[in-house]
Amino acid sequence: MDHEEIAEDLGSIVVTQEQISVRIRELAAHVHEDYKDQDLLLVGVLKGAVMLMADLSRALPRLVEMDWMAVSSYGYGTRSSGVVRILKDLDGDLNGRNVLVVEDILDSGLTLSWLVQNLRSRGAASVEVLCLLRKPSAVKVDVPVKYLGFDIPDEFVVGFGLDYAEQYRNLTCVAALAPHVYEQA
Ligand code: PRP
């Protein structure tokens, strides 16, 4: 897919590359302050959080461990199925650790709400959430997001880790996907 074809698939830019980069640096400064002199384990949720994790971890002026989980509730569709499956579990133990879950988007909130409960049950000293994007539908959901990037409108968005059928993850901004792309699928 070349640049012209990509542009045809996209609607408006929802968050620019510059906005993302500024916000991640602000969030990293808060995280750094809150976890000063404390253990911190970043848990990234594959695959969407890869870009966020890469930028956030490098914006932290300290050493930090990273571990990864893959869970899926979407498959190839555009709506959450409500069933969360662990596709890849953490490599390490959470006992006594301060866990910060790093996630790209809170949509229905199902994934994070399930994940936070799951991680809390493993004996972590604390479990907090850092999430780049939140849709209106998730505002009501009981997910304690300590560090939030942006509240965004209820559109199907792609880029900066977010995909549609595994495409568009490497866009540097977050953009709305034109309805003709998923309506023809
Ligand atoms: C997406 C996204 C979140 C989840 C959010 O993951 O990365 O994990 O959906 O939706 P929810 O709040 O409605 O649960 P997906 O299952 O598409 O996997 P991916 O990260 O590999 O794209």
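Owing to the predicted nature of the structure, the values given are computational and were not obtained by experimental measurement. Along the sequence shown, the residues carry numbers beginning at 1. For ligands, and for the atoms within them, numbers begin at 1 and follow the listed sequence.
- Considering backbone and side-chain atoms together, V45 places no N or O closer than 3.5 Å to any N or O of ligand 1.
- Considering only heavy atoms from C-beta on, V158 comes within 4.5 Å of L10 through its side chain.
- Atoms of ligand 1 found under 4.0 Å from any heavy atom of D163 (numbered from 1 in listed order, with element): 22 (O).
- Hydrophobic clustering (ILVMFWY, side-chain heavy atoms < 4.5 Å, transitive): L27 and L106 are in distinct clusters.
- Only the side chain of D104 comes within contact range of ligand 1, with a heavy atom under 4.0 Å; no backbone atom does.
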Identify every side-chain donor-acceptor pair in residues 41-52 under 3.5 Å, counting partners at least two apart or on other chains, and give the distances.
unit_1 : atom_1 : unit_2 : atom_2 : d
K47    : NZ     : E166   : OE1    : 3.2
K47    : NZ     : E166   : OE2    : 3.4

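- Near L46, meaning under 4.0 Å from any of its heavy atoms, are these atoms of ligand 1: 20 (O), 21 (O).
- Rounding to the nearest 0.5 Å gives a distance of 9.0 Å between CD of E65 and CG of L40.
- Taking the six-membered ring for Trp and thresholds of 30 and 60 degrees, F156 and Y164 have ring planes more than 60 degrees apart, a perpendicular arrangement.
- Distances between N or O atoms of G48 and those of ligand 1 include at least one value under 3.5 Å.
- Taking every non-hydrogen atom of S72 and a distance limit under 4.0 Å, the qualifying atoms of ligand 1 come out as 16 (O).
- Of all the listed residues (A165, G109, G161), G109 holds the heavy atom that lies closest to atom 12 (O) of ligand 1.
- Residue contacts with ligand 1 leave out E166, since none of its heavy atoms falls under 4.0 Å from the ligand.
- Residues meeting the salt bridge (Lys or Arg N to Asp or Glu O under 4.0 Å) test with D37, sequence neighbours left out: none.
- When the heavy atoms of K47, E103, M69 are ranked by distance to atom 8 (O) of ligand 1, first place goes to E103.
- Between R97 and D67, none of the side-chain N atoms (NZ, or NE/NH1/NH2) sits under 4.0 Å from a carboxylate O, so this pair counts as no salt bridge.
- Those atoms of ligand 1 with a heavy atom of R169 less than 4.0 angstrom away are 19 (P), 21 (O), 22 (O).
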